[in-house]
*Asks:* 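I'd like to ask some things about the structure below.
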Amino acid sequence: MTTQVFKIPDSFKKDVRYTFCPGCDHGVAVRLVAEVLDELGLTQNTICAASIGCSVTIYDFLNIDTIESPHGRAMAVATGVKRAKPDKFVFTYQGDGDFASIGLAESMHAALRGEKISAICINNTTYGMTGGQLGPTTILGQVTTTSPTGRNLEYYGYPIKIAEHIALCDGTAFSARVSLDTVANIKKAKQAIKKAFEVQMKGLGLGFVEILSSCPTNWKMSPDKAHQRVREEMMPVFNLGIYKDVTQS
Amino acid sequence: MSNIVIDKTKCKACYLCIKECPKGLIKVSKDTNSLGNNVVEFADAKNECLGCAMCAQRCPDLAIIEVNKG
Amino acid sequence: MTQCLTGKKVLMKGNYAIANAAVLAGCECYFGYPITPQSEIGEFMSGKMQELGRAYVSAESELAAINMTIGACSTGAKAMTSSSSCAVSLMQEGLSYATSDQLPVVLVSVMRGGPGLGNIYPSQGDYFQATKGGGNGDYHLIVLAPSTVQECADLTYKAFYLAHKYKNPTVLLADGMLGQMMEPVEFKKYPYPEIDNSKWALDGAKGRTNRVIRSYAPLASNQCVYLEELYKKYKLIEENEVEWEEIGTEDADVVLVSFGSSARNAKIAAKLLREKGVKAGILRPITLYPFPAKRLSELALKVKKFITVEVNMGQMVNDVRLAVNGKVPVELIHKPVGIPPAPVEIVKQVEELI
């Protein structure tokens, strides 16, 4: 007698193949979102606001209604969707450049308004789709195509700690930073996504998860080495943890 | 008896699953898929698979489409 | 000013008339950011929409406002935003996306002086912004230009109708004068049929495959097919939705072409010219896109001269010249910014030009 302990999530489209680069953690993140949608029974009541960057193609993989937002505007688009249809489950899936650089105003204000939406932000410390330029989360010393000698304070200033900033907004119900570098952390990431979805369902406010993610292609590393970098270089700057959870206070 | 099912058309040869398997049951295959990748293959002659699904959890491409625990 | 008036004539500011009409048109969501000279629209909506339990967001910027409108429209809802000139500039990205996404966005644009911050006086300096667009790519916005407060109300209804009928962003292009002046206005019942959006709107993929509203078509061939289809729609709009007003053109030697607030004075000027024995008429485009180019082209066969009257440095005059295509001269009477040229001033300049 065997039991199935892993399968393709029902929210995932049949017979599609990810178009992400080999070893890219986007694939894991999208799968976790799909699993949580399945488990919470949300798939057929969801509207996703997709973004610009590698994250844009989420609608090719998940069988959920989606509107693609202009770069940085996913949180504003999601706000419009949710205000028009408050009974729908609404979430964004964005990269760090989209969420925290070009879209920082939209993201912060959605959090301050306490929009009853959820947001997933992939932090890979670079602009992936355009070829690995310096982004809002590029860490000090990191070499990118637009920081050829590494990020320095004089020219670039500091990276943003997104989960902490979003946690500071009074309308935020849940804010956490998770990682996909190990299977144990992948499981914790799923729990955080679930929580970020549940606070919306309970009408408590914004649910937010920042996911530390690898970009082997632009980091010019093997997928395994890339996960090592997440642990050794990213985590000391971007500490994992739950920064706000109104259900616990 | 536990086992995994690999959809070789989806494998992008990142080989993260190989490192994840506690029993070393996943190896690089000589076969290639339409992407030109040397895909991974699962061989479990001694029925060692634990059905832990670590490989599937790790796979970024959902190429391990099923894990059965027995 | 939070009551919603119907069925009787009232004295009302253009901005309030627009907002009141939007509520009566069934606008479910309003998103906006304050800017003079249109702030009364947001002020009215903030109270009224909350009172009616509809959606209202005081957006953090016009970028956010237009994108919230996009989000609401993606669910098939009647949604609008309003703004003015330099802030409508911030919305150009969203408008380009909304045309590509084929969403029924309604934008009320109450023009003020430009470029840049300009000033808060009336202007028609955003004719190009509305009809040519500042967003990227090939697209058109449907543009309606009211000339009276009554038309501010009537064309707001029409803006919602056309936006939903064609799934295309529609602009109500007023100006600071129309927005701020008071005139008698009567609100009819929303006269247009309700459009069924259930075939495309996002409402959760229940019992069907997912719907995706997107403008990202990475293959060149996809984009070619897409644009050809989009332009079939624009052809349809151009064939069916051109609207204009014409007075005294049947025997006219000179036809004034003017829209919006400046058309009010141009109309009086045409009458004064007739009294002086000049065979003058006026053509007032009500839709700026689609533009009444065909009618202007027909008139060009018998008219000796066209003169546009505008409050800008000469923008619509270019479209009139294109329509007339060199058949007869097209001149411009204009004022860079402010209250439109007075009728007597227009008469004087027409006499100099003919």
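Small disclaimer: the values here were computed from a predicted structure and weren't measured.
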*Asks:* Are B:Lys23 and B:Leu50 close enough that some pair of their side-chain heavy atoms sits under 4.5 Å apart?
*Replies:* yes
*Asks:* Please look at B:Leu35 and chain A and tell me whether the side chain, the backbone, both or neither of the residue comes under 4.5 angstrom of a heavy atom of that chain.
*Replies:* side chain
*Asks:* Checking A:Ser222 against chain B: side chain, backbone, both or neither under 4.5 Å from a heavy atom?
*Replies:* neither
*Asks:* Pairs in or reaching into residues 235-244 of chain A: which pass side-chain hydrogen bond (donor to acceptor under 3.5 Å, both in side chains), with residues at least two apart or in two chains?
*Replies:* A:Glu164-A:Tyr243, A:Arg177-A:Tyr243
*Asks:* Give every residue pair that meets the side-chain hydrogen bond (donor to acceptor under 3.5 Å, both in side chains) criterion with at least one member in residues 42-54 of chain B, sequence neighbours excluded.
*Replies:* none
*Asks:* Taking non-hydrogen atoms and a cut-off under 4.5 angstrom, which of residues 27-41 of chain A neighbour chain B?
*Replies:* A:Gly27, A:Val28, A:Arg31
*Asks:* When rounded to the nearest 0.5 angstrom, what is the spacing between OG in A:Ser118 and CD in A:Gln200?
*Replies:* 4.0 Å
*Asks:* Top residue by heavy-atom pair count (under 4.5 Å) with chain A, among B:Cys52, B:Gly51, B:Ala56?
*Replies:* B:Ala56
*Asks:* Using non-hydrogen atoms and a 4.5 Å limit, figure out which bit of B:Cys11 sits close to chain A: side chain, backbone, both or neither.
*Replies:* neither
*Asks:* Going by side chain to side chain contact (heavy atoms under 4.5 Å, CB included), A:Asn185 matches just one of A:His227, A:Met235, A:Lys190. Which one?
*Replies:* A:Met235
*Asks:* Given the options B:Arg58, B:Glu20, B:Lys19, which has more heavy-atom pairs under 4.5 Å with chain A than any of the others?
*Replies:* B:Arg58
*Asks:* Would you say A:Asn63 and A:Lys14 make side-chain contact, with heavy atoms under 4.5 Å?
*Replies:* no
*Asks:* Taking side chain as everything from C-beta outward and backbone as N, CA, C, O, which of these in A:Asp181 sits under 4.5 Å from a heavy atom of chain B? Side chain, backbone, both or neither.
*Replies:* backbone
*Asks:* Please classify the contact of A:Thr19 with chain B as side chain, backbone, both or neither, using a heavy-atom distance under 4.5 Å.
*Replies:* backbone
*Asks:* Which bit of B:Ile65 is near chain A, if near means a heavy-atom gap under 4.5 Å: side chain, backbone, both or neither?
*Replies:* both
*Asks:* Carefully, step by step, assess A:Phe197 and A:Phe174 under the rule side-chain contact (heavy atoms from CB on, under 4.5 Å).
*Replies:* CA-CA 9 Å; A:Phe197 283 14; A:Phe174 181 81; over 6 Å; no
*Asks:* Please find the pair of heavy atoms, one from A:Leu180 and one from A:Asp25, that lie closest to each other, and give the distance.
*Replies:* CD1-O, 3.5 Å
*Asks:* With only heavy atoms counted, which part of A:Ile8 is less than 4.5 Å from chain B, the side chain, the backbone, both or neither?
*Replies:* both
*Asks:* Any pair with a residue in residues 4-37 of chain A that passes ring-ring contact (aromatic ring centres under 6.0 Å, His included), sequence neighbours left out, goes on the list, sorted by first then second residue, please.
*Replies:* A:Phe12-A:Tyr18, A:Tyr18-A:Phe20, A:Tyr18-A:Phe61, A:Phe20-A:His26, A:Phe20-A:Phe61, A:His26-A:Tyr93
*Asks:* Evaluate the side-chain contact (heavy atoms from CB on, under 4.5 Å) criterion for residues B:Lys10 and A:Val16: first the C-alpha distance (whole Å), next the side-chain angles of each, then the deciding distance (0.1 Å), finally the verdict.
*Replies:* CA-CA 9 Å; B:Lys10 292 181 175 174; A:Val16 294; over 6 Å; no
